[in-house]
Amino acid sequence: MNSRRHFLHTVLGASAASAFAADAKLTYKGENIQFGLVTYQWGKDWDLPTLIKNCETAKVLGVELRIEHAHKVDVSLTPEQRKEVRSRFEDSPVDVLGMGTNFEFHSPNADELKKNIEGAKAFIKLSHDIGGTGVKVKPNALPKDVPIEKTLVQVGKALAELGDHAIGFGQEIRLEVHGKDSSELPHIKTIMDAADRDNVRVCWNSNDTDLIGAGLEANFALVKDRLGHTVHIRGVNLSTYPLDKLAKLLVEIDYEGHVCLEAHKMPDGDPVAALAEQRELFMDLVTAARMTVKD
């Protein structure tokens, strides 16, 4: 039994897996879920032409570009170089989803906070210039000597400033659910309440903390109406995270966006084939969910 079939039987059960061989009515919900790649590890060593070619071959037609990687898409690019990047994507079926940055807004140091806000603004323009639709940012901690609520509201206000700035560039600010303690979904909801901007959205990150407290479904419900165009997952058949349940939750809300692989380690063997397999595995979970969710 190949790895894909074995995965389906393990995660979905034999009866659900065999349903792929039969005609089944699929709900319209989830039909616009697509699979993408974050160049965190897979793709970090590919230059831009190679990245686009490999994604096209794997039929992974959306990519979030992490900064400081071999594709060298960053704010140092000249206007002409930005046009060239944009043209490369426009000439391919692969969409550039935007920039994945590490800017964070939890520091109690005012100068550090300002530095991160201004840095993110520069990447908002870059994303616009190359044809992207958003910039990923994050909280990364809760300083021990600061009241939690104060930090969360500070992050939210920073996001509001970025959201206002991003409107003129047609960009989405994507708050990755990230950081020790700060990744807990009730905290993310507090941040988003403080941000209160339509173009400031949540980038679900498939963390173990999603499962604590009231559990996955309840935590997902806290932010489901605020999800942005990108969701991050780890290796589909390499993780204990309940991706089948996540797929169903995304289908239930008729999510429209890219679920992006943000795996930690490149596989042995052919990475393009492995990337294509990851797409197939996750989209199979989406199909299985669409068989059971009602219109």
Side-chain angles (χ1 to χ4, degrees), residues 2-38 40 42 55 58-64 95 97 174 176-177 183 185 188 201-212 214-264 274-295:
N2 65 34
S3 60
R4 182 183 176 203
R5 287 185 59 204
H6 176 73
F7 173 76
L8 292 172
H9 277 260
T10 301
V11 174
L12 303 178
S15 60
S18 63
F20 284 90
D23 290 334
K25 182 180 183 300
L26 301 182
T27 177
Y28 71 89
K29 293 181 178 179
E31 65 185 2
N32 292 315
I33 295 175
Q34 301 177 71
F35 193 79
L37 174 67
V38 180
Y40 172 53
W42 295 29
C55 285
K59 298 182 181 178
V60 174
L61 303 183
V63 60
E64 176 187 302
D95 291 330
L97 304 178
R174 298 162 181 159
E176 186 177 37
V177 181
S183 64
L185 270 301
I188 297 297
R201 312 298 289 179
V202 172
C203 175
W204 189 268
N205 199 40
S206 304
N207 304 311
D208 290 341
T209 48
D210 302 343
L211 313 179
I212 67 175
L216 177 62
E217 289 80 3
N219 284 327
F220 185 84
L222 294 176
V223 298
K224 67 180 183 179
D225 295 331
R226 291 166 162 172
L227 292 183
H229 190 77
T230 56
V231 165
H232 291 173
I233 62 171
R234 309 298 180 265
V236 182
N237 54 342
L238 306 172
S239 168
T240 59
Y241 190 90
L243 288 173
D244 55 329
K245 293 181 180 179
L246 176 62
K248 186 175 181 180
L249 290 169
L250 292 171
V251 168
E252 287 175 341
I253 65 169
D254 194 20
Y255 178 72
E256 298 184 6
H258 282 78
V259 176
C260 297
L261 178 70
E262 190 188 25
H264 291 292
L275 181 57
E277 181 186 39
Q278 289 294 305
R279 175 185 55 79
E280 291 178 354
L281 289 173
F282 187 79
M283 296 310 296
D284 282 346
L285 295 181
V286 172
T287 300
R290 293 180 64 204
M291 289 178 182
T292 60
V293 171
K294 297 185 181 301
D295 291 349

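Side chains included, hydrogens not; waters and symmetry mates left out as well; all remaining heavy atoms used.
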Does some side-chain heavy atom of [Y] sit less than 4.5 Å from a side-chain heavy atom of [X]?
X: P242; Y: L211; answer: yes
X: I253; Y: L227; answer: yes
X: L185; Y: F220; answer: no
X: L250; Y: V286; answer: no
X: M291; Y: L26; answer: yes
X: I188; Y: E176; answer: no
X: L246; Y: V259; answer: no

Quiz item: If you look only at pairs with a residue in residues 215-227, which of them pass as a side chain to side chain donor-acceptor pair (under 3.5 Å), with sequence neighbours excluded?
Solution: D193-R226

For [Y], does its backbone N or O pair with a side-chain atom of [X] as donor and acceptor, under 3.5 Å?
X: Y255; Y: K29; answer: no
X: T292; Y: A289; answer: yes
X: Q278; Y: G235; answer: no
X: R234; Y: N205; answer: yes

Exercise. Report the residue from D208, T209, D210, N207 that forms a side-chain hydrogen bond (donor to acceptor under 3.5 Å, both in side chains) with S183.
Key: T209

[X] side, atom [atom1]; [Y] side, atom [atom2] - distance, nearest 0.5 Å:
X: Y28; Y: R290; atom1: OH; atom2: CZ; answer: 11.0 Å
X: C55; Y: F35; atom1: SG; atom2: CZ; answer: 10.0 Å
X: L37; Y: R279; atom1: CG; atom2: CZ; answer: 12.5 Å
X: L281; Y: D244; atom1: CG; atom2: CG; answer: 12.5 Å
X: E256; Y: Q34; atom1: CD; atom2: CD; answer: 9.5 Å
X: T27; Y: D295; atom1: OG1; atom2: CG; answer: 3.5 Å

Quiz item: F282 and L243: which non-hydrogen atoms are nearest, and at how many Å?
Solution: CE1-O, 4.4 Å

Quiz item: Do you know the tightest heavy-atom contact between A263 and W42?
Solution: CB-NE1, 3.5 Å

Exercise. Any chance you could lay out the side-chain contact (heavy atoms from CB on, under 4.5 Å) test for L216 and L249, step after step, and finish with the verdict?
Key: CA-CA 9 Å; L216 177 62; L249 290 169; 3.9 Å; yes

Practice problem: Walk me through it: do V223 and R201 pass the test side-chain contact (heavy atoms from CB on, under 4.5 Å)? | Solution: CA-CA 9 Å; V223 298; R201 312 298 289 179; over 6 Å; no

Practice problem: State which residues pass side chain to side chain contact (heavy atoms under 4.5 Å, CB included) with A58; sequence neighbours excluded, sorted by chain then number. | Solution: V60, V272, L275, A276

Quiz item: Which residue pairs satisfy the ring pair (Phe, Tyr, Trp, His ring centres under 6.0 Å) criterion with at least one member in residues 229-252, sequence neighbours excluded?
Solution: H229-H258

